[in-house]
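First the structure, in the form of structure tokens, and then the observations on it.
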2 protein chains.
Amino acid sequence: MARAATTSDIFNAIAEPRRREIVDLLARGYCRDVSELVRKLKLPQPAVSKHLRVLRTVGLVTVHKAGQRRLYELNVDELKPVHDWIQHFEQLWTDHLAGIKETAETTARDLAARNRSAPGHQHDSKE
Amino acid sequence: MARAATTSDIFNAIAEPRRREIVDLLARGYCRDVSELVRKLKLPQPAVSKHLRVLRTVGLVTVHKAGQRRLYELNVDELKPVHDWIQHFEQLWTDHLAGIKETAETTARDLAARNRSAPGHQHDSKE
DNA sequence: ATATTATATTCCTATTAGGGAATATGTCAA
DNA sequence: TTGACATATTCCCTAATAGGAATATAATAT
């Protein structure tokens with residue numbers, strides 16, 4: 001079934017490095033039109049347009065016409081889900097890290113114990 | 001040329017929803033062995049093992065053996081690049097949003113000016 | 001009108017993803 | 001040993017990716 005469509009999932013949309021570069025450039029306020037992106041990214045124009053299409057489809061960018069150019073604008077809000085997801089690991093790589101490791105080892109010991117007594121299935125989820 | 005390999009790029013590794021679920025479960029300290037993941041995710045065991053392999057390859061998880069089980073541990077540090085990338089949009093979706101929009105319009109005006117003088121084209125105002 | 005510039009789309013293709021099924025490997029128990 | 005369990009790997013399949021080349025569409029200039 002292949003991967004989730006890049007055109008329907010933000011996580012997939014930003015999985016492509018070029019598209020992240022585009023997002024970066026747009027975030028800085030540079031490169032509002034396609035030609036400039038082409039120049040900076042040193043990619044063929046069709047490639048850039050195609051990436052922009054993906055970004056448009058997931059709603060990460062919006063366009064408005066300015067003469068024969070298309071000015072692209074970043075819609076940062078669409079990155080929220082990624083932010084939120086990554087956010088809840090925040091604590092894990094700060095001081096909590098040590099604590100987590102400890103928990104892990106404890107759990108490991110628990111499991112071992114459980115296995116010794118109840119071989120096979122008997123791992124209920126604690127909560 | 002297809003996409004970047006899920007096995008070499010963190011962004012691709014976490015693009016797959018199931019893998020994110022696995023990461024979530026591991027982060028909480030639940031589901032340290034494969035069977036438990038299988039049960040919670042309601043996925044066939046080979047599928048889970050395959051996802052775990054991807055996560056292992058990018059370094060997001062590590063395994064250690066505990067009897068016939070494999071205990072998986074999350075290596076949160078590998079999420080740092082994602083965190084860092086998303087981080088620098090932080091300001092954009094708070095109060096800075098308005099400011100950014102303004103900047104955008106200014107840039108548009110700049111572009112118009114540059115076009116008038118240089119590459120022989122213009123596209124004034126916007127919209 | 002035609003030419004030129006800016007951008008988007010289509011077609012083609014090699015590569016890959018991830019599910020399913022079957023099988024292999026590894027570990028423990030009787 | 002055999003057998004049950006836990007996990008990993010392999011093979012096959014279909015869908016979808018992203019690049020390249022060519023072309024289409026749109027706006028502007030002359």
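Below, chains carry the letters A, B, ... as their sequence lines are ordered, and counting in each starts from 1. These figures come from a predicted structure and were not determined experimentally.
Residues from residues 41-49 of chain A lying near DNA chain D, meaning a heavy-atom separation below 4.0 Å, are A:Pro44, A:Pro46 in numerical order.
Looking at residues two or more places apart in sequence or on another chain, you find no side chain to side chain donor-acceptor pair (under 3.5 Å) involving B:Glu21. Residues meeting the side chain to side chain contact (heavy atoms under 4.5 Å, CB included) test with B:Asn75, sequence neighbours left out: B:Asp77, B:Glu78.
Here B:His51 does not reach the OP1 or OP2 of C:dA17: none of its side-chain N or O atoms lies under 4.0 Å away. A close approach under 4.0 Å does occur between a side-chain nitrogen or oxygen of A:Arg19 and OP1 or OP2 of D:dA18. Taking 4.0 angstrom as the limit, B:Tyr72 places none of its side-chain polar atoms (N or O) nearer than this to OP1 or OP2 of D:dA6.
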Distance-only criterion, 3.5 Å: show the donor-acceptor pairs between side-chain atoms of residues 45-57 of chain B and protein atoms not counting sequence neighbours.
from: B:Gln45; atom 1: NE2; to: B:Ser49; atom 2: OG; distance (Å): 3.0
from: B:His51; atom 1: ND1; to: B:Arg19; atom 2: NH1; distance (Å): 3.2
from: B:Thr57; atom 1: OG1; to: B:Arg53; atom 2: O; distance (Å): 2.7

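Atom P of nucleotide C:dG26 and atom CZ of B:Arg70 are separated by 9 Å, given to the nearest angstrom. In this entry the distance linking NZ of B:Lys50 with P of D:dT9 reads 11 Å, nearest Å.
Interatomic distance, A:Leu25 CG to A:Leu37 CG, rounded to the nearest 0.5 Å: 6.0 Å. Of the inter-residue distances, the one linking A:Phe11 atom CZ with A:Ile86 atom CD1 reads 7.0 Å to the nearest 0.5 angstrom.
Both A:Arg56 and B:Arg18 lie close to DNA chain C; mapped to their nearest nucleotides by heavy-atom distance, the more 5′-ward contact belongs to A:Arg56.
Smallest separation of non-hydrogen atoms from B:Val38 and B:Leu43: CG1-O, 3.3 Å.
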